[in-house]
Amino acid sequence: MSACVPARADSARTKHVHPPHSPPPGGPRRFRVAGADVSAAIAVFLIALPLSLGIALATGAPLQAGLVAAAVGGIVAGRIGGCPLQVSGPAAGLTVVTADLIQQYGWRTTCAITVFAGIAQLGLGCLRVARTALAVSPAIVHGMLAGIGVTIAVAQLHIVLGGTPQSSVPDNLIALPAQLANLHPADVAVSVLTLTLLLLWPRLPGRAGDVLGKLPAALIAVGGATAVAALTGLRLPKVDLPSWSSHALASLPEGPVLGLVAAVLTTTLVCSVQSLLGAVAVDKLVAARPALTGRVKRSDLDRELLGQGAANIVSGSLGGLPIAGVAVRSSANVAAGAVSRNSTMLHGVLVVIAALLLVPALELIPLASLAALVMSVGLKMVSLNHIRTVTRHREVLVYAVTTCGVVFLGVLEGVVLGIAVAVGVALHRLTRTRITHDDVEGVHHVHVRGQLTFLAVPRLSRVLHQVPHGADAVVELDGSFMDHAAYETLQDWQKTHTAQGGSVDITGRRPGTRISEPAEVDGCRCRPWTPWRNHQCERPSKAPAPGTDRRAAAGAPTGESPGTTTGPNASGASGESGVPGAHGAPAATGGTGGTDQRRGHELARGISAFHRNTAPLMRRELARLAREGQQPSQLFLTCADSRVVTSMITSSGPGDLFVVRNVGNFVPLPGEESGDDSVAAAIEYAVDVLKVRSITVCGHSGCGAMQALLGADPAGARTPLQRWLRHGLPSLDRVPADAAEDGRERPRLAGRAPADAAERLCLANVVQQLEHLRAHESVARALGAGDLELQGMYFHVGEAQSYLLSEDTEGGVFELVRETNLTA
């Protein structure tokens, strides 16, 4: 019998009921809600229920209107909106606006205004202008919310004391002494209990606190106050929910047309801005949430406007309050682990169930408890963190004016006043330009602080003409904007001053502020390194001991400074804004100063500054290098000293140098005992694979390796550093104590003698390492073919001067590289 069983005759006619590698089609898709969404919906519902009643109480609307708005916000805005995890409903930020509308036009007309505001939001969403709303200064938004919070708190304070609030903040403040003289102890007791539970519940200690703290503080505060009031038999006003059959719906608006239009615009503005800012905040909360079980899309702000508009239309039509995104409920939704919009919608369904089935329980809640809850929300809207932020950004005037305007004039009037002040402050900053002139050792410095516009041109021209003809001048632009009039003034003066024999260097702290292009020198149009300020700006707490290096005492790192590298065709970011610790912020460093956390913060700040300032300028060039691969023109072998920044002293950029760094810029001889394959491999790769055209060995002043080599004991090489310094012994042999001992000239600097033995050894070391290079097979072969040249270089750190080795003279002389004027 064959080992292979023949297939059935009809097997060829067998049909696949579904494509291969795909699951068989099931029945109709079932609506499934993740467990995380269910738990999040319950948590949000428990917060929304008392807050919705409290906000309705604060506005003077029927209490059922708060429940309607909460249900519609959860279901309609949750389903249509563009921010999946934002919870919408009656918001504290709308309390003052709604209360004013009810006071002026009545409840039914207020519902109609809510409908028209929703229609306006739909129009804005269709026009896709949601991002434009975010252009409003944060100081104005925070000031508006703070003003609303103050208004809410002052009004609810009267209910907490057992009275009735007035229509405005001034009236409430005037009536407050009489209310204090006639307070109701029962209302005050319930309010104090509510505030106490709100404050202490999240701070319960121990394991019990961790478990009980998961319950919303708002629910515990209102529930606890309600239970105490019921058990003690306190007689005080409570929630009154009339039958749904008598619930008031919207009617045609009645009142002056201009007033109604202003009301619609105000409601639209507050609802839209609060919802959009809330959506952005929710995105940040979601991004920061660890271990996210499910991908949540970023907010579509235009769709969010459409969802808010649809929700306001439905809420207004059903007799509900205006709707906006609510920060407290949204934060709770994200913190509870919600993964989709189902949590928001389910919370709305729970509100509907509670409004229909829990009316007897809701009617036990004391109004004073709800008023205390809303008053605490109002006080939290005056955020100290926001005040610190606007103070730091010098916008406290805008914040204060907006807050006072909302408190004493109204929301729309306060916002308009805040916008006017913000514009005035911006114009003041734009026109406030300081121009100074200093003469420092014959070089005239003109420093421009602020934005350079046509308004500053007369002062700029007057100061520029104070620079004598033929003098060296430096114009420093310390600002981010310069208009055409100022540009032409600077350019004309620069050409005139240069023609009269003077020199002009125009620099700026931000990229793109150089007036003229660098002149072409030897076919190269490279820009110089941008202004640099060392980032180790933290002062030592104690004076360093005698003989101690100040940088070491300050905890300066010994590695290479994390600078920003500018390419040959881009100026890059300035050192001041492109390194950690800039702008006066102390940078934590290695050694004894700073912690691991602060060092990580320093690194993150440096990377962040690179992404913000330098990466946009270099991205196209780096993308080209990524496509084409590296094609460096030279191998640059230098010391690992942090002060030697190769790209800075050679005005090179990414892809120009193939750099090898080690302690002492040594080139170990090939095949030597204790040799170094790493350096040899880099040399072979650069010459044979990358086809570099030159190799430069660069030494520098103050080299620690040379100083260690002078005091080294060749017989006692025990540590890795001591074994590595053996490669410098041939250099040490070139510098005997008597420089004329063998009658040969020693490597030297043109124009002056070496400063000390360490500098003499450094120069000899460069020459010696060049000889070691010639011993490498790949280098010797390229030199013989005429494809490679060797160069020696010495960089004096303190003088910022570079010297190149000239081998035409006996012994080798390092000639100073002369400066070339790169300005037009």
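What's counted below: heavy atoms across the whole structure, side chains too, no hydrogens, waters or symmetry copies.
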Kindly determine whether Asp472 and Ser503 satisfy side chain to side chain donor-acceptor pair (under 3.5 Å), including the steps that lead there. CA-CA 5 Å; Asp472 295 335; Ser503 66; 2.7 Å; yes
Take Leu490 and Met482 through the test side chain to side chain contact (heavy atoms under 4.5 Å, CB included) and record every step on the way to the result. CA-CA 10 Å; Leu490 269 176; Met482 176 171 53; 3.9 Å; yes
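Side-chain atoms of Thr433 come within 3.5 Å of backbone atoms of Gln451 as a donor-acceptor pair (strictly under, hydrogens ignored). Listed for the Ser608 side chain is no donor-acceptor partner under 3.5 Å among the backbone atoms of Ala604. Within the 3.5 Å criterion, the main-chain N or O of Cys639 finds a donor-acceptor partner in the side chain of Arg661. Asp656 places no side-chain N or O within donor-acceptor distance of the main-chain N or O of Pro632, the cut-off being under 3.5 Å. Arg643 places a side-chain N or O within 3.5 Å of a backbone atom of Gly702 that can act as its donor or acceptor partner. A donor-acceptor pair under 3.5 Å is absent between the side-chain atoms of Asn765 and the main chain of Phe666, judged by distance alone.
For residues 694-708, the set of pairs meeting the side chain to side chain donor-acceptor pair (under 3.5 Å) definition, not counting sequence neighbours, comprises Gln634-Thr696, Thr696-Gln791.
Residues Glu621 and Arg624 are paired through a salt bridge, judged by an N-O separation under 4.0 Å between the basic side chain and the carboxylate. Classification of Arg752 and Glu759 as a salt-bridged pair holds, one side-chain N sitting under 4.0 Å from a carboxylate O.
Remark: His796 pairs with no residue by the ring-ring contact (aromatic ring centres under 6.0 Å, His included) rule, at least two apart or across chains. Annotation: side-chain hydrogen bond (donor to acceptor under 3.5 Å, both in side chains) contacts of Ser778 (sequence neighbours excluded): none. Every salt bridge (charged side-chain N to carboxylate O under 4.0 Å, His left out) that Glu777 has, sequence neighbours left out, goes to Arg781. With sequence neighbours excluded, no residue forms a salt bridge (charged side-chain N to carboxylate O under 4.0 Å, His left out) with Arg693. Taking Asp300 as the reference, nothing meets the salt bridge (charged side-chain N to carboxylate O under 4.0 Å, His left out) condition, with sequence neighbours excluded. Here Ala680 pairs with His776 under the side chain to side chain contact (heavy atoms under 4.5 Å, CB included) rule; sequence neighbours left out. Legend: residues meeting salt bridge (charged side-chain N to carboxylate O under 4.0 Å, His left out) with Glu684, ordered by chain and number and at least two apart, are absent. A search for ring-ring contact (aromatic ring centres under 6.0 Å, His included) contacts involving His772 returns nothing, not counting sequence neighbours. Not a single side-chain hydrogen bond (donor to acceptor under 3.5 Å, both in side chains) links Asp787 to another residue, sequence neighbours left out. Among residues two or more places apart in sequence or in another chain, the side-chain hydrogen bond (donor to acceptor under 3.5 Å, both in side chains) test is passed with His393 by none. Scanning for side-chain hydrogen bond (donor to acceptor under 3.5 Å, both in side chains) contacts around Arg392 gives an empty result, with sequence neighbours left out.
A side chain to side chain contact (heavy atoms under 4.5 Å, CB included) with Leu790 holds for exactly one of Val697, Val779, Leu805; it is Val779.
Below 30°, between 30° and 60°, or above 60°: for Tyr794 and Tyr803 the angle between ring planes is between 30° and 60°, a tilted geometry. Ring planes of His497 and Trp493: parallel class, angle under 30° (limits at 30 and 60°).
Side-chain atoms of Pro754 and Leu763, non-hydrogen and from C-beta on, do get closer than 4.5 Å to each other.
Side-chain contact, Thr638 with Asn665: no donor N or O sits under 3.5 Å from an acceptor N or O.
Note: Thr719 OG1 to Leu725 CG = 8.0 Å, rounded to the nearest 0.5 Å.
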